[in-house]
Amino acid sequence: MKAGIVGLPNVGKSTLFNCLSNAKAQSANFPFCTIEPNIGVVNVPDMRLQKLESLVHPERVLPATVDIVDIAGLVKGASKGEGLGNQFLGNIRETDAILHVLRCFKDDNIIHVDGSVDPVRDKETIDMELQLKDLETIDKKLEKVKRASRTGNKDAQKEEAALLKVKAGLEAGKSVRALDLTESEREEFIRNLQLITDKPVMYVCNVDEKAAVDGNAFVEQVKVAVKDENAEVIVLAVGTEADITELDDYEERKMFLQDIGLDEPGSAKLIRGAYRLLNLQTYFTAGVKEVRAWTIPVGSSAPQAAGVIHTDFEKGFIRAEVIAYEDFVSFGSEAKVKEAGKMRVEGKEYIVKDGDVMHFRFNV
């Protein structure tokens, strides 16, 4: 599962990517600095992992991860191939969620492709290009469906109605995620088209250091503009975050954050937000060899969760021994949880909860 960082050129995408990952994408004050999409595997900050480590004292600790993709800046006309349009649209189609970076700060030393700072206009520029691309996809699909619909095929007629609803929305400048479609319309006819504007989105307002805590007028404008999209808006001083990541000493980083009024790096909140956006959750395994966070889609069954460790675990699944994270912490060890009768044995139908500490029994 991948989240793609998108936005106009020079809004701070590559600088943000560098904050989030150990990779150092080239970051420069000119468009199309990032041509091939950089992919970073980013650790998901999770205090529960540190707590389990302090109780179990394992040989190693492995956090959950999420893939973040830094995609080239998009410009007007991208849907027609302008700039790196076709490549951009291909790269973004391959991601599962979008982190849309908007420039919400003024700085005469950093050029803006449109000559002035206006995050709502910038958002609309990107939206329009993505909507035009989706419209192209819908029109192609409609051509095929209309032929079947004219023969009286009831399913084709339902699909045509759903596609026409989406077409009207896109032509009115609305993204697919903001359209009033029924769940069955989305599931049966829309989801498999992988429309770009149907992907979940988080808007990342890139502000200066002064606005890192409370945002600014630009951020408020963005919040108003996206209120119907069911999208999260996060405020991040990307340049400041970059300075923080350059500090090797934990205490220095902590002092830097306190000086600007933050209790943790904004990038940590963004990574957790991306994880939620991708509809992912975490379960843990905890033993003396390792304490590890495993990533699974929300709604996964116990065998599916076991399969993330190894396919044999899923094929030969017998049962899962499950401890709620709160119980593990409260009693302090697996042995004490067992003594208290708080370990549960769950079968194939069990839907894993976020934070479950699990041990699988299997036979191949």
Problem set entry | Working for side chain to side chain contact (heavy atoms under 4.5 Å, CB included), residues Thr95 and Ile71 | CA-CA 10 Å; Thr95 65; Ile71 298 170; 4.2 Å; yes
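- Hydrophobic clustering places Val11 together with Val6 (ILVMFWY residues linked when any side-chain heavy atoms are closer than 4.5 Å, directly or through intermediates).
- Formation of a donor-acceptor pair under 3.5 Å by the Asp96 side chain with backbone atoms of Lys2 is found in this model.
- Each of Ile126 and Val176 belongs to its own hydrophobic cluster when Ile, Leu, Val, Met, Phe, Trp and Tyr are linked at side-chain heavy-atom distances under 4.5 angstrom.
- To the nearest 0.5 Å, atoms CD1 (Ile271) and CG (Asn43) are separated by 8.0 Å.
- Annotation for Glu171: atom CD counts as buried by contact number, over 12 foreign heavy atoms lying within 6.0 Å.
- Within the 4.5 Å cutoff, the side chain of Gln281 has heavy atoms near those of the Ile296 side chain.
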Identify each donor-acceptor pair in which a side-chain atom of residues 310-332 lies under 3.5 Å from a protein atom, sequence neighbours left out, and give them as a table.
from   : atom 1 : to     : atom 2 : distance (Å)
His310 : ND1    : Asp312 : N      : 3.0
Glu321 : OE2    : Arg361 : NE     : 3.1

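- Side chains of Asp107 and Asp208 form no contact here, defined as non-hydrogen atoms less than 4.5 Å apart.
- Screening residues 191-235 for ring pair (Phe, Tyr, Trp, His ring centres under 6.0 Å) gives His100-Tyr203 as the qualifying pairs, with residues at least two apart or on separate chains.
- Going from atom CG of Leu193 over to atom OG1 of Thr137 covers 7.5 Å, rounded to the nearest 0.5 Å.
- A donor-acceptor contact shorter than 3.5 Å is absent between the side chain of Arg103 and the backbone of Asp122.
- Checked for salt-bridge contact, Lys353 and Glu346 miss the test: no charged N lies under 4.0 Å from a carboxylate O.
- Of the N and O atoms on the side chains of Gln131 and Ser175, at least one donor lies less than 3.5 Å from an acceptor on the other residue.
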Problem set entry | Stepwise side chain to side chain contact (heavy atoms under 4.5 Å, CB included) check, Ile5 with Val204 | CA-CA 9 Å; Ile5 301 176; Val204 183; over 6 Å; no
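- At least one side-chain heavy atom of Leu181 sits less than 4.5 Å from a side-chain heavy atom of Lys165.
- A heavy-atom distance below 4.5 Å is not found between the side chains of Val56 and Glu334.
- Between Ala97 and Leu278 the shortest heavy-atom distance is CB-CD2, 3.6 Å.
- For the atom pair Glu241 CD and Leu236 CG, the distance stands at 4.5 Å (nearest 0.5 Å).
- Side-chain contact between Ile92 and Leu130 is present, with heavy atoms from C-beta onward closer than 4.5 Å.
- Between Arg147 and Thr151, the closest side-chain pair of non-hydrogen atoms is not below 4.5 Å.
- In this structure, Thr15 contributes its side chain and Gly239 its backbone to no donor-acceptor pair below 3.5 Å.
- At a threshold of 4.5 Å between side-chain heavy atoms, the hydrophobic network of Ile, Leu, Val, Met, Phe, Trp and Tyr places Val233 and Val117 in two separate groups.
- Hydrophobic clustering, with ILVMFWY side chains joined whenever heavy atoms are under 4.5 angstrom apart, groups Val44 together with Leu16.
- Residue Gly287 comes nearest to Pro58 through the heavy atom pair O-CB, 3.4 Å, listed as atom of the first residue, atom of the second, then distance.
- Using a 4.5 Å cut-off between side-chain heavy atoms of Ile, Leu, Val, Met, Phe, Trp and Tyr, with links allowed through other members, Val357 and Val291 fall into the same hydrophobic cluster.
- Between the side chain of Arg93 and the backbone N or O of Gln194 there is at least one donor-acceptor pair closer than 3.5 Å.
- Looking only at side-chain heavy atoms (C-beta outward), Lys158 and Ser184 stay at 4.5 Å or farther from each other.
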Exercise. Could you walk me through whether His359 and Met343 pass the side chain to side chain contact (heavy atoms under 4.5 Å, CB included) check?
Worked result: CA-CA 10 Å; His359 183 70; Met343 178 185 277; over 6 Å; no
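- Between Arg186 and Glu183, none of the side-chain N atoms (NZ, or NE/NH1/NH2) sits under 4.0 Å from a carboxylate O, so this pair counts as no salt bridge.
- A distance-only check finds no donor-acceptor pair linking the side chain of Asp356 to the backbone of Tyr283 [under 3.5 Å].
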Exercise. Run the side chain to side chain contact (heavy atoms under 4.5 Å, CB included) check on Glu159 and Glu188 step by step: do they pass?
Worked result: CA-CA 8 Å; Glu159 186 170 6; Glu188 289 177 53; over 6 Å; no
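- Using modelled atom types, one finds a donor on one side chain and an acceptor on the other under 3.5 Å when comparing Tyr275 with Thr282.
- Ionic pairing of Glu160 and Lys167 is not present here: no N-O contact between side-chain nitrogen and carboxylate oxygen is shorter than 4.0 angstrom.
- Of all non-hydrogen atoms in Ile98 and Leu277, the two that sit nearest each other are O-CD2, 3.7 Å.
- For the residue pair Leu102 and Pro119, the shortest heavy atom distance occurs at CD2-O, 3.5 Å.
- The two atoms that bring Asn216 and Val207 nearest to each other are ND2-CG1, 3.9 Å, heavy atoms only.
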Exercise. When you look at Asp354 and Arg48, which way does the salt bridge (charged side-chain N to carboxylate O under 4.0 Å, His left out) test go after all the steps?
Worked result: CA-CA 11 Å; Asp354 185 59; Arg48 296 174 301 181; 3.0 Å; yes
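- The two residues Lys51 and Ser54 come nearest to each other via the heavy atoms O-OG, 2.6 Å.
- Of the inter-residue distances, the one linking Glu290 atom CD with Leu62 atom CG reads 5.0 Å to the nearest 0.5 angstrom.
- Lys146 NZ to Lys141 NZ: the interatomic distance, rounded to the nearest 0.5 Å, is 14.0 Å.
- The backbone N or O of Ser301 lies less than 3.5 Å from a partner atom in the side chain of Gln304, making a donor-acceptor pair.
- Look at Lys174 and Asp180 and you find no salt bridge, because none of the NZ, NE, NH1 or NH2 atoms lies under 4.0 Å from a carboxylate O.
- Using a 4.5 Å heavy-atom threshold, the side chains of Asp46 and Pro63 count as separate.
- In this structure, CD in Glu339 is found 7.0 Å from OG in Ser333, a value given to the nearest 0.5 Å.
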